[in-house]
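To start, the structure itself, in structure tokens.
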Amino acid sequence: MSTIVGCIGAGNIVKALLAGVEKSGVYFPNRIGIFDVSQKVCDDFREKGYTVFSSIDDLVKSARVVVVAVTPQVIDSIMQQIKNALSADTIFLSLAAGVSIKWYQEQLGKDCKVIRCMPTLTAQVGLGAFAVSRAETVADDDYKAVECFLSSCGIVEEIPESLMCEVVPINGSAPAYFYHMTRVILKEAVHMGFDEDTALRLFVQTMKGVQRCC
Ligand SMILES: NC(=O)C1=CN([C@@H]2O[C@H](COP(=O)(O)OP(=O)(O)OC[C@H]3O[C@@H](n4cnc5c(N)ncnc54)[C@H](OP(=O)(O)O)[C@@H]3O)[C@@H](O)[C@H]2O)C=CC1
Ligand SMILES: O=C(O)[C@@H]1CCC=N1
């Protein structure tokens, strides 16, 4: 069976993304393909009903949308591996920080369809904040297929590619700031004599309120 989306690399960000997609119920897990060098990652996704591939070429041939979710230092060799498995219809959804659309086009040909995205770990609870830019080669129908996938677990905002690095502190890295702030405040609260759970409830509720006031 062919898949709708195939993920190359299924570490932290893909686990979060697919947890959110799964919760939405919009896609059957078996229509989502996984290729990862980690046996544990593959076993975990297979157990949940995802289609796990042992060949990266087979994953690429099967999927309309190929999600590139490995760390930037291994992308180069992956692009060389998959070059021959691509069809003109393959749409790349790149989650890799700092890797430009132009770079993909230099590796795969100027006609390849690439959507660059800065995602967030908050997709796992259906509150993803996806900033995306697309190559000129991405037609509206192709873009809609990707937008539909991402919007099952968050909001999608199209931004100029020139702002793709600048957006990182606004969405991609921002969860870390909130976790860090929460940890610092809870530590101080416990130091002052509060019960940690009570302090967490008060602080989280306040953050929710601030968000609603924005
Ligand atoms: N985590 C985040 O919050 C965000 C991440 N991103 C981007 O997403 C991408 C992935 O990040 P993240 O999920 O955190 O990284 P992880 O290291 O958690 O996940 C990458 C996965 O890819 C696997 N892998 C490594 N080499 C290959 C290969 N050749 N073929 C297939 N799989 C491979 C890794 O296996 P192993 O561990 O065994 O090497 C791992 O399971 C990065 O480019 C990052 O910039 C963007 C925004 C937010
Ligand atoms: O640095 C990274 O790879 C990404 C960007 C935001 C969080 N992690």
Side-chain angles (χ1 to χ4, degrees), residues 3 5-22 32-48 50-63 65-86 90 92-104 107-108 114-134 146 149-150 153-159 161 163-182:
T3 55
V5 173
C7 303
I8 302 178
N12 292 319
I13 197 65
V14 164
K15 283 178 195 157
L17 177 62
L18 295 183
V21 171
E22 211 175 301
I32 298 179
I34 301 289
F35 176 83
D36 195 289
V37 290
S38 157
Q39 193 56 48
K40 164 124 183 51
V41 166
C42 292
D43 290 346
D44 289 349
F45 275 102
R46 191 178 293 108
E47 212 165 277
K48 289 186 191 155
Y50 288 84
T51 301
V52 175
F53 289 85
S54 52
S55 143
I56 194 168
D57 279 9
D58 289 347
L59 173 125
V60 169
K61 283 179 191 154
S62 163
V65 177
V66 172
V67 179
V68 182
V70 287
T71 49
Q73 58 270 31
V74 295
I75 292 182
D76 197 354
S77 73
I78 285 175
M79 290 305 124
Q80 301 316 315
Q81 281 176 58
I82 63 173
K83 250 181 182 168
N84 298 327
L86 299 181
T90 309
F92 283 92
L93 173 59
S94 171
L95 308 185
V99 182
S100 68
I101 291 172
K102 186 165 171 267
W103 183 86
Y104 280 96
Q107 308 303 311
L108 304 172
V114 186
I115 296 177
R116 180 174 168 186
C117 172
M118 180 46 57
T120 60
L121 289 171
T122 53
Q124 65 192 285
V125 292
L127 290 172
F130 304 105
V132 298
S133 303
R134 56 170 139 167
V146 169
F149 175 66
L150 295 175
C153 59
I155 61 161
V156 182
E157 295 286 340
E158 206 168 355
I159 65 167
E161 201 199 355
L163 291 177
M164 265 294 169
C165 289
E166 283 71 11
V167 84
V168 175
I170 299 171
N171 72 338
S173 293
Y177 312 150
F178 291 111
Y179 287 131
H180 182 68
M181 186 168 63
T182 305

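Numbering of ligands and ligand atoms starts at 1, following listing order. Just so you know, these numbers come straight off a predicted model, no measurement behind them.
The nearest protein atom to atom 15 (O) of ligand 1, hydrogens excluded, is given as T71 CG2, 4.1 Å; this is a heavy-atom distance. Residue, atom and distance of the protein heavy atom nearest to atom 4 (C) of ligand 1 are I13 CD1, 3.8 Å. Looking at atom 42 (C) of ligand 1, its nearest protein heavy atom turns out to be V70 O, 3.3 Å. Here the protein heavy atom with the shortest distance to atom 7 (C) of ligand 1 is L95 O, 3.1 Å. Atom 45 (O) of ligand 1 has as its closest protein heavy atom A97 N, 3.1 Å.
Within a 4.0 Å radius of atom 18 (O) of ligand 1, the protein contributes at least one heavy atom.
Which of L17, D36, N12 comes nearest to atom 41 (O) of ligand 1 through a heavy atom is settled by distance: it is D36. The option with the heavy atom closest to atom 10 (C) of ligand 1, from among G11, A10, G98, A69, is A69. The closest non-hydrogen atom to atom 24 (N) of ligand 1, taken over I34, I78, V37, comes from V37.
With hydrogens and angles disregarded, a donor-acceptor distance shorter than 3.5 Å links the side chain of S62 to the backbone of T3. Without hydrogens or angle criteria, D36 side chain to V41 main chain gives no donor-acceptor distance under 3.5 Å.
Side-chain contact between I8 and V60: present, with at least one pair of heavy atoms (C-beta onward) separated by less than 4.5 Å. Using a 4.5 Å heavy-atom threshold, the side chains of V167 and N171 count as touching. Contact check for M181 versus F178: side-chain heavy atoms found under the 4.5 Å cut-off. For the pair F92/I101, no side-chain contact is recorded, criterion being any heavy-atom separation below 4.5 Å from C-beta on.
Put simply, CG on L93 and CG on L17 are 8.0 Å apart, with the number rounded to the nearest 0.5 Å. In this structure, the separation between CG on L121 and NZ on K15 is 11.5 Å, given to the nearest 0.5 Å.
Using a 4.0 Å cut-off to heavy atoms of L121, the atoms of ligand 1 that qualify are 3 (O). Close contacts between ligand 1 and P119 involve ligand atoms 46 (C), 47 (C), 48 (C) [criterion: under 4.0 Å to a heavy atom]. Close contacts between ligand 1 and F35 involve ligand atoms 30 (N), 31 (C) [criterion: under 4.0 Å to a heavy atom].
Closest heavy-atom contact between I34 and A10: CG2-CB, 3.9 Å.
For ligand 2, the 4.0 Å heavy-atom shell contains residues A97, V168, G172, S173.
Salt bridge status for D44 with K40: present, with a side-chain N to carboxylate O gap under 4.0 Å.
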Report task. Give the C-alpha distance, both sets of side-chain angles, the deciding distance and a yes or no for salt bridge (charged side-chain N to carboxylate O under 4.0 Å, His left out) between D43 and R46. Result -> CA-CA 5 Å; D43 290 346; R46 191 178 293 108; 3.1 Å; yes

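Contacts between M118 and ligand 1 below 4.0 angstrom, taking non-hydrogen atoms only, involve the side chain exclusively.
Residue pairs meeting the salt bridge (Lys or Arg N to Asp or Glu O under 4.0 Å) criterion with at least one partner in residues 163-179, sequence neighbours excluded, do not occur; the list is empty.
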